[in-house]
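The figures that follow rest on heavy atoms only: side chains count, while hydrogens, waters and symmetry mates do not.
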Amino acid sequence: MHVVIPAGGRGTRLRPLTNEIPKPLLPLGDRPILTRIVESLPPEVPVTVLVTSELHAAFAAWAGTLPAGHPVRVHVERERADGLRVSPRCGHH
């Protein structure tokens, strides 16, 4: 099994909370929402988090805070000239 989490939204309905922090990285108690999701999965399950280029730095920093044993890959979706996102393995969405 492999888990793919699309996490590149802007979270506009949660502003001003999401002005500085992407929605999946907002804290829920003592940890970000996305951390809680990843920690709920078996540690051997690889996880890919899909993000836009403008959010990559925030998610890369977040991935560095995860405990060892939770394989997480942050994948940046490319943007096409027409504004649609395209992933090399998934085609376009």
Side-chain angles (χ1 to χ4, degrees):
M1 175 169 63
H2 188 107
V3 175
V4 177
I5 302 172
R10 298 188 188 280
T12 55
R13 290 178 288 187
L14 289 176
R15 288 195 178 148
L17 296 174
T18 56
N19 283 344
E20 302 294 323
I21 301 171
K23 181 172 55 176
L25 300 182
L26 287 173
L28 180 62
D30 62 341
R31 294 187 308 278
I33 295 167
L34 191 55
T35 299
R36 290 180 174 278
I37 293 169
V38 169
E39 288 176 345
S40 73
L41 299 168
E44 66 276 1
V45 173
V47 176
T48 298
V49 179
L50 299 174
V51 300
T52 58
S53 59
E54 60 266 15
L55 297 177
H56 179 256
F59 282 94
W62 161 80
T65 68
L66 292 174
H70 283 283
V72 173
R73 175 178 167 247
V74 177
H75 175 77
V76 178
E77 292 184 302
R78 295 181 294 124
E79 189 169 311
R80 298 182 340 178
D82 59 9
L84 295 175
R85 305 250 180 241
V86 63
S87 180
R89 299 185 102 181
C90 302
H92 38 111
H93 348 9

Supply the atom-to-atom distance E39 CD to R31 CZ, rounded to the nearest 0.5 angstrom. 4.5 Å

Hey, does P24 have a side-chain heavy atom less than 4.5 Å from the side chain of I33? no

Please check: side-chain N/O of R73 versus main-chain N/O of V49, any donor-acceptor pairing under 3.5 Å? no

Can you tell me how far CG of L26 sits from OG1 of T18, rounded to the nearest 0.5 angstrom? 6.5 Å

If you round to the nearest 0.5 Å, how far is CG of L55 from OG1 of T52? 3.5 Å

Pairs of donor and acceptor atoms involving the side chains of residues 58-72, under 3.5 Å and at least two apart or interchain, shall be tabulated with distances.
from, atom 1, to, atom 2, distance (Å)
W62, NE1, T35, OG1, 2.6
T65, OG1, W62, O, 2.6

For M1 against P46, the heavy-atom pair lying closest together: O-CD, 3.4 Å

Walk me through it: do V74 and H56 pass the test side-chain contact (heavy atoms from CB on, under 4.5 Å)? CA-CA 8 Å; V74 177; H56 179 256; 3.8 Å; yes

Residue E20 excluded, over 12 heavy atoms near CD under 6.0 Å: no

Output for pair (T48 OG1, H75 NE2), nearest 0.5 Å, gives 8.0 Å

Look at atom CZ of R15 and say whether more than 12 heavy atoms of other residues, nucleotides or ligands are closer to it than 6.0 Å. yes

